[in-house]
Amino acid sequence: MPAGTPIADLYSSPPDSLIGRTLEVTGWVRTRRDSKAGISFLQVSDGSCFDAFQVVVPSELENYESEVLRITTGCAVRCRGEVVESRGKGQALEMKAAGVEVVGWIEDPDSYPMQAKRHSFEYLREVAHLRPRSNTFGALGRVRHCLSMAVHRFMDEHGFHWIHTPIITANDCEGAGEMFRVSTLDLANLPRDEDGAVDFGQDFFGRESHLTVSGQLNVETWCSALSKVYTFGPTFRAENSNTSRHLAEFWMVEPEIAFADLSDDADLAEAMLKYLFRTLLEERADDMRFFQERVDEGCIDRLETFVDSSFERMEYGEAIRALEQAVAKGRRFDFPVSWGIDLQSEHERYLTEELVGRPVVVMNYPKDIKAFYMRMNDDGRTVAAMDVLAPGIGEIIGGSQREERLEVLDDRLEEMGLDKADYWWYRDLRRYGTVPHAGFGLGFERTILYATGMANVRDVIPFPRTPNSAEF
RNA sequence: UCCCCUGUAGCUCAAUUGGUAGAGCGAGCGGCUGUUAACCGCUAGGUUGCUGGUUCGAGUCCAGCCGGGGGAGCCA
């Protein structure tokens, strides 16, 4: 019982090669329209491309009255018939059905959650199991896949190796935010040590373990052998953050390159993003056209401009000066601007949305606001860190050159009150054949937001996990 | 975690200063048409998120709880 010819194939093949052929189309009915001239029209979608395919059903079919006229939005069907030139406008080809089998009915059409009408994204989140059947989410599914494959293709073509860094980590030293605990202990009856603390020695791994917040530390080890590596997988943050750009479970691309500095890192970020967006424009033109028409009319222009222009690069110090100049001209910010501050959302927005008008890379931040592993610059007060800021989204990439000098790294660990012993294998990389290297993390969902003009990360991942929300 | 907004039919929303609910879309039926966001007519559909309070009377006011959204922080 194989599926029918993919509808994408019907649209990508020359019409002449299809006309006159008898074949099958399988999918879900988007709409049914009847003509009392004795025919019905079914728009059948199988998700292989944006467009549905029109099936013309003559009333002569033996199940026309009994079944075809009862077909509603959402029914699963198998249609067999001859491909003919369409007599109507709006499509070149259509199927003249010789048989229509209703494979799956809609139990109660009146309460079917995915009716043939516009739905709000908020509503669709409540029916995440059915929302893939909508135009928008079908398009997002194909776009997400396209970008995923483009990540791997870009990396592969540039000599990178995909490293499957662990999801579970027993290192309590990743540093970036709250972590989800992984445990097999009986929560109702926790083992205690003599001090009354939970005895994690009895836990599955014999120590505390968590879900990873980043594959970076692990992937650095493989970078120090295979030179060009990356991770691409889920990461987890137990932060209680409730915004349109945060998820508790999200996907991240993390390249790491050896014999490289921050400038090489920014070059890589630029080349990769351009490749991703160029691929998207080429391979999912149908879906992007939809986003342009219904979601964000500027999305295609934005990507085309991005692909054709170079990154705007800016030193942190320059960014501060630009903000101070804006203040001098009367621009108001809630948070005061001075050298040394971490940029607030409003500051980032100003830089990328107002000052530059497209993504901007801010480089070399004050050391006190950045992580221990970022490389100390010669000025002694900044580190080789970079953030790529995008309009409407904020930070889409965070990266840095890593500190490859053991003494400097140790100083930083001490300065930040971290225990060297916890980082023994990370420090080993600096003891044995250490090398300048750099990398970054690209937020995959935020990238999709930027590309499509969607406004909320919960809508660009199939099953969003956020505080208090893990249905489905 | 903090601040703001919000919760009425399957969905999107309306309901004057508190007087016990309406429309559009969707659905069902009928009409019309090679239709395509089809169109026209009729019909069905609601214990107004939950609990309590004020009042002669609560969708409307108050308190608590639950859910949704936006923003902040954290970051990707």
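In what follows, every chain begins at residue 1, and chains take the letters A, B, ... in the order their sequences are listed.
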Mate of rA23(B) across any strand shown (Watson-Crick or G-U wobble, both atom pairs under 3.5 Å) is rU12(B)
**Asked** Taking atom types as modelled, is there a side-chain donor on His437(A) or Glu220(A) under 3.5 Å from an acceptor on the other?
**Response** yes
| Under 4.0 Å between a side-chain N or O of Asn240(A) and OP1 or OP2 of rG73(B)? | no
Across every strand shown, the nucleotide meeting Watson-Crick or G-U wobble geometry with rG41(B) (both distances under 3.5 Å) is rC29(B)
From CZ of Phe121(A) across to C1' of rC11(B) the rounded distance in Å is 15 Å
Taken to the nearest whole Å, CG/Asp342(A) to P/rC74(B) is 6 Å
- Query: Distance between the P atoms of rU48(B) and rU55(B), in whole angstroms?
  - Reply: 22 Å
**Item:** rG10(B) base / Gln115(A) side chain donor-acceptor hit below 3.5 Å
**Value:** yes
- Do Arg33(A) and rC39(B) share a donor-acceptor pair, side chain to base, under 3.5 Å? no
- Task: Look at the side chain of Glu122(A) against the base of rG7(B) and say whether a donor-acceptor pair falls under 3.5 Å; ignore hydrogens and angles.
- Result: no
_Let's test your reading of the model: under 3.5 Å, does the base of rU35(B) pair with the side chain of Gln91(A) as donor and acceptor?_
yes
Result for 5'-nearest mapping on RNA chain B, choosing between Asn456(A) and Leu69(A), is Leu69(A)
| query | Does a donor on one side chain and an acceptor on the other come within less than 3.5 Å for Arg30(A) and Asn135(A)? | reply | yes
rC75(B) base to His246(A) side chain: any donor-acceptor pair below 3.5 Å? yes
With centres under 5.5 Å and planes under 30° as the test, does Tyr112(A) stack with rA27(B)?
no
Quick one, Asp34(A) with Ser40(A), criterion side chain to side chain donor-acceptor pair (under 3.5 Å). Give me CA distance, side-chain angles, the key distance, then yes/no. CA-CA 4 Å; Asp34(A) 305 320; Ser40(A) 288; 2.7 Å; yes
(Q) Is it the case that the base of rG26(B) and the side chain of Asp110(A) share a donor-acceptor contact (distance under 3.5 Å, atom types as modelled)? (A) yes
Does the side chain of Arg302(A) come within less than 4.5 Å of Asp296(A)'s, by heavy atoms? yes
